[in-house]
Amino acid sequence: MSVTARAPTEEAPLTVRDLSVHIEGAPVVDGVTLDVRAGETVALVGESGCGKSMTALAVMGLLPPAAHVDGGTIRINGSDTTRQAEHAMQRLRGDKIAMIFQEPVSSLNPLMRVGAQIVEALLSHRRIDQQAARRAAIEMIDRVGIPDPETRFRQYPFELSGGMCQRVMIAIALICEPAILIADEPTTALDVTIQAQILDLMRALTDETGTALLLITHDMGVVADMADRVAVMYAGRIVETAPARALFARQRHPYTRLLLGTIPKVEGQGRTLLPTIEGVVPDMRELPVGCRFHPRCPLAGPRCRQEAPPLAAAPDDPAHESACWFADRVGEIA
Amino acid sequence: MSGAVTGSGEALLRVEGLKVHFPIRGGVFGRPKRWVHAVDDVSLSIRTGETVALVGESGCGKTTTGQAVLGMTTPSAGRVLFDGVDVHAAQGDERRMIRRDIQIIFQDPFASLNPNMKVGESIAEPLLIHTDMSAAARRTEAESLLERVGLRASHYDRLPDQFSGGQRQRIVIARALALRPRLIVCDEPVSALDVSVRSQIMNLLMELQAEFGLAYLFISHDLSVVRHLSDSVAVMYLGHIVEEGPSEAVFFNPTHPYTEALLSAIPYPDPAYQATRRRIVLSGDLPDPSDPPAGCPFVSRCPIARGDCAAGPPALEPVAGAEPAHTVACFYRGKGGAAPAG
Ligand SMILES: Nc1ncnc2c1ncn2[C@@H]1O[C@H](COP(=O)(O)OP(=O)(O)OP(=O)(O)O)[C@@H](O)[C@H]1O
Ligand SMILES: Nc1ncnc2c1ncn2[C@@H]1O[C@H](COP(=O)(O)OP(=O)(O)OP(=O)(O)O)[C@@H](O)[C@H]1O
Ligand code: SF4
Ligand code: SF4
Ligand SMILES: [Mg+2]
Ligand SMILES: [Mg+2]
């Protein structure tokens with residue numbers, strides 16, 4: 001297990017307060033609040049389209065043109081980046097804060113050797129000579145588990161498999177040892193044996209250099225393996241957040257409970273029907289009134305169809321928050 | 001056939017010594033310079049009502065095996081027998097029987113439906129090609145299939161882009177069912193789906209199997225999905241089956257070092273338990289299948305490899321002391337006595 005809060009009084013490298021983003025009128029990120037402390041891994045989980053990547057891209061200052069920040073603040077290493085000019089943000093990116101993107105192949109330059117891309121990432125933020133940068137890049141290619149790093153250094157992206165391109169992206173993100181790393185589904189496209197290698201590497205990074213890791217994933221196994229804390233998103237909002245062990249032990253939002261129930265487990269019973277969540281994720285353009293989960297929720301009552309529940313701490317655990325009118329009854333759901 | 005959950009009787013599908021080698025062309029005359037050994041000596045059998053899973057890492061030859069079963073790829077060696085008929089040699093009525101009785105469901109529900117065709121027509125299309133049903137009867141049948149997979153008859157006239165990923169996969173399943181096949185090759189049918197939708201589709205596949213007595217060749221790289229659905233499992237590595245057996249045997253008594261590493265690498269969704277597990281981290285990648293290692297295919301990554309592992313490929317043999325159906329291809333594991341530790 002990695003280090004949690006270094007010094008509680010020190011401000012976390014990444015703090016997000018009440019962040020909202022809309023795309024063509026749809027509130028794709030709605031009042032998201034998150035802290036990632038030094039050496040800590042926070043997992044952001046939820047189903048496709050719930051706003052995980054938009055949250056991450058807003059933090060990076062890389063939202064697509066159609067997306068607009070409506071409000072909230074983002075602080076990176078103590079400075080409010082929502083009020084900063086683009087060139088200041090550019091200096092931070094790749095140095096203090098780096099991101100591993102969801103689509104690996106499209107984020108590499110196809111016309112440039114992979115080694116040169118890693119070296120460039122290092123040289124644009126550090127004053128070291130070419131030779132040292134080259135050595136650091138080759139070492140990083142080795143650390144992300146790519147065999148024969150000297151040869152790979154000289155190859156182009158098309159000469160590498162998809163999994164290797166993903167690992168090159170990871171090498172680029174890690175080369176400056178950023179204070180904050182956002183990893184958006186970093187291992188989803190990889191085989192489990194390679195995934196295990198990459199997760200080990202990210203764990204070493206948070207443990208050894210105190211990097212704050214925001215890990216976006218929909219794989220609850222990866223969450224259980226990596227996260228100190230978890231934030232569960234549904235339709236643009238965080239519906240539950242807690243230390244990882246507390247969240248897996250006891251859920252205070254029906255969505256989290258149902259989500260955990262639907263996962264097939266390797267060590268489970270074969271050939272049995274799995275629990276399911278009825279219905280589908282709502283269209284962000286036609287969100288239900290009140291609690292956004294109510295059309296699919298087995299506990300939904302009249303109040304849920306009218307009033308949106310706020311994120312509130314559990315009476316017995318201030319670190320465990322959820323947005324549900326009936327948080328105490330979630331255990332009743334089979 | 002009602003509620004056939006586990007297979008019974010004679011094999012419906014028998015794959016014998018299948019090899020599929022693809023040429024890599026080069027040189028002035030375009031003669032094959034090298035060959036990709038995509039599938040190298042694979043044998044398996046599936047009974048009616050049974051699910052046999054093929055698992056393994058990307059590029060190990062799962063899809064190619066599935067395509068050979070469907071007759072979409074010509075074997076370089078070996079045979080595929082469906083109900084006793086050689087799939088690649090069948091002509092006339094036998095060929096038509098095979099094209100009705102074996103269907104496929106692909107991974108990507110977005111790519112496998114024609115975007116300009118009403119979904120009901122997509123479902124009815126196989127009926128148009130393979131039967132002499134009237135247009136009205138085809139529509140009625142497609143509507144009842146839509147309902148069977150959890151959609152509505154009124155969805156018949158809609159286009160694919162009006163459906164979510166999970167709904168499209170239901171449509172693809174309905175189309176695969178239209179001809180009442182006996183075997184469906186499921187190639188990563190739930191890999192592109194979100195977790196909550198995935199469990200719905202997995203349940204649907206299990207229900208349909210019991211209702212229609214279907215056999216599945218279930219291809220997946222996701223071992224937890226495979227554990228949930230399959231009666232038996234074949235673990236592939238670099239074109240070879242390295243371990244095979246009843247699902248319980250392979251998952252609870254993994255014998256090949258590769259199976260062991262694969263299983264240990266899957267993170268378990270419980271932090272307290274996950275922290276106690278020992279993980280075998282393999283180094284390196286799958287070797288280049290056009291230049292496979294001599295000897296055991298796993299030798300370049302095997303944590304317990306010895307000098308003689310490179311001598312020749314180990315044969316798939318029964319695991320000592322286990323059920324006879326549990327087989328492993330390793331010179332050292334499953335031989336009884338003290339096995340070398342990883
Ligand atoms: N470029 C875009 N233009 C318009 N809408 C977009 C764009 N990108 C995303 N969206 C919408 O914004 C919402 C949030 O998307 P986001 O990419 O953050 O989801 P996500 O949680 O990362 O999902 P996934 O798990 O599929 O990556 C979705 O409803 C999506 O349809
Ligand atoms: N038509 C082809 N021509 C040449 N090589 C091919 C062809 N089809 C597949 N291959 C190669 O054969 C090997 C096996 O591929 P296959 O698609 O069967 O793997 P797979 O196990 O299904 O992988 P994945 O999990 O990525 O789908 C790979 O090395 C692949 O590159
Ligand atoms: S507020 Fe109501 S509808 Fe929403 S999750 Fe809680 S019980 Fe369900
Ligand atoms: S035969 Fe040798 S290399 Fe192959 S799996 Fe067994 S021990 Fe490892
Ligand atoms: Mg995303
Ligand atoms: Mg495949």
Side-chain angles (χ1 to χ4, degrees), chain A residues 1 45-49 145-148 161-164 189-197 199-200 218-228 230 243-249 255 258-281 296, chain B residues 5-6 51 56-60 164-167 190 192-203 206-207 221-231 246-248 251-252 258 261-275 277 279-286 300-301:
Chain A
M1 204 71 314
V45 304
E47 288 179 274
S48 192
I146 299 179
D148 198 4
S161 71
M164 282 189 201
L190 303 178
D191 284 312
V192 283
T193 60
I194 308 294
Q195 167 171 290
Q197 254 172 287
L199 295 181
D200 273 359
H218 64 266
D219 184 334
M220 285 294 183
V222 171
V223 175
D225 195 43
M226 295 290 290
D228 299 302
V230 186
R245 287 190 183 219
L247 185 104
F248 280 88
Y255 177 63
L258 291 165
L259 200 60
L260 285 172
T262 58
I263 305 168
K265 294 174 188 71
V266 158
E267 307 189 8
Q269 265 260 286
R271 313 254 5 158
T272 47
L273 292 185
L274 284 163
T276 57
I277 308 179
E278 293 311 314
V280 292
V281 175
R296 307 174 74 187
Chain B
V5 172
T6 48
T51 302
E57 284 172 287
S58 183
C60 71
S164 69
Q167 288 173 321
V190 298
L193 304 177
D194 249 322
V195 273
S196 76
V197 183
R198 179 185 309 176
S199 63
Q200 294 170 3
I201 298 295
M202 286 171 64
N203 286 352
M206 284 191 275
E207 286 163 10
H221 67 276
D222 187 332
L223 284 115
S224 43
V225 168
V226 161
R227 167 74 192 113
H228 217 83
L229 285 169
S230 56
D231 299 298
S247 184
E248 274 76 24
F251 280 97
F252 296 124
Y258 177 62
L262 260 188
L263 286 172
S264 82
I266 306 164
Y268 194 81
D270 173 358
Y273 179 62
Q274 180 62 16
R277 288 175 76 209
R279 199 153 74 188
I280 305 162
V281 177
L282 295 175
S283 55
D285 283 303
L286 208 63
S300 61
R301 294 169 81 194

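In what follows, chains carry the letters A, B, and so on, assigned in the order in which the sequence lines appear, proteins first and then strands, with residues in each chain numbered from 1.
When heavy atoms are compared at a cutoff of 4.5 Å, B:Ala275 approaches chain A solely by way of its side chain, counted from C-beta outward. For a residue to count as touching a neighbouring chain, one of its non-hydrogen atoms must lie under 4.5 Å from one of that chain's; by this rule B:Leu263 touches chain A with the side chain only. Looking at A:Ile277, both its backbone and its side chain come within 4.5 Å of chain B, counting heavy atoms on both sides. Heavy-atom distances place no part of A:Val223 under 4.5 Å from chain B, backbone and side chain included. With a 4.5 angstrom heavy-atom cutoff, B:Asn203 touches chain A via backbone and side-chain atoms both. Interface remark: B:Phe251 contributes side-chain atoms only to the contact with chain A (heavy atom separation under 4.5 Å). Heavy atoms of B:Ser247 lying under 4.5 Å from chain A are absent altogether. In this structure, the portion of B:Ser230 lying under 4.5 Å from any heavy atom of chain A is its backbone and not its side chain. With a 4.5 Å cut-off on non-hydrogen atoms, B:Leu262 touches chain A through its backbone and its side chain both.
Ranking B:Leu223, B:Val281, B:Val195 against chain A, the residue ahead of the rest is B:Val195, based on heavy-atom pairs under 4.5 Å. Taking chain B as the reference chain and counting heavy-atom pairs below 4.5 Å, the highest number among A:Glu278, A:His218, A:Gln197 is found for A:Gln197. With chain B as partner, the option from A:Val266, A:Leu190, A:Leu258, A:Leu247 having the largest number of non-hydrogen pairs under 4.5 angstrom is A:Val266. Chain B forms the most heavy-atom pairs under 4.5 Å with one residue out of A:Leu199, A:Asp219, A:Ile194, A:Leu259, and that residue is A:Ile194. Your options are B:Arg277, B:Gln274, B:Met202, B:Glu207, and the one with the most heavy-atom pairs under 4.5 Å with chain A is B:Gln274. Ranking A:Thr276, A:Ile146, A:Val222 against chain B, the residue ahead of the rest is A:Thr276, based on heavy-atom pairs under 4.5 Å. Here B:Pro271 is the residue among B:Pro271, B:Pro267, B:Ala272 with the most heavy-atom pairs under 4.5 Å with chain A. Options B:Leu193, B:Asp194, B:Ile280, B:Ile266 differ in how many heavy-atom pairs under 4.5 Å they form with chain A, and the most are formed by B:Asp194. Among the candidates B:Ala265, B:Ser199, B:Ala261, the residue making the largest number of heavy-atom pairs closer than 4.5 Å to chain A is B:Ser199.
When every heavy atom of A:Leu260 is checked against every heavy atom of A:Lys265, the shortest pair comes out as O-NZ, 3.7 Å. Between A:Arg296 and B:Ser196, the shortest heavy-atom distance links the atoms NH2-OG, 3.6 Å.
Evaluation of the side-chain hydrogen bond (donor to acceptor under 3.5 Å, both in side chains) rule for A:Gln195 yields A:Thr187 as partners, not counting sequence neighbours. The side-chain hydrogen bond (donor to acceptor under 3.5 Å, both in side chains) search around B:Arg279 returns A:Asp200, A:Asp225, not counting sequence neighbours.
Considering only heavy atoms from C-beta on, A:Pro264 comes within 4.5 Å of A:Leu274 through its side chain. With contacts defined as side-chain heavy-atom distances shorter than 4.5 Å, the pair A:Arg271/B:Arg227 does not qualify. Between B:Ser58 and B:His221 the shortest side-chain heavy-atom distance does not fall below 4.5 Å.
Using modelled atom types, one side-chain atom of B:His228 and one backbone atom of A:Thr272 make a donor-acceptor pair closer than 3.5 Å.
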TODO: Go through the steps to decide whether A:Thr262 and B:Arg198 satisfy the test side chain to side chain contact (heavy atoms under 4.5 Å, CB included), and finish with yes or no.
DONE: CA-CA 8 Å; A:Thr262 58; B:Arg198 179 185 309 176; over 6 Å; no
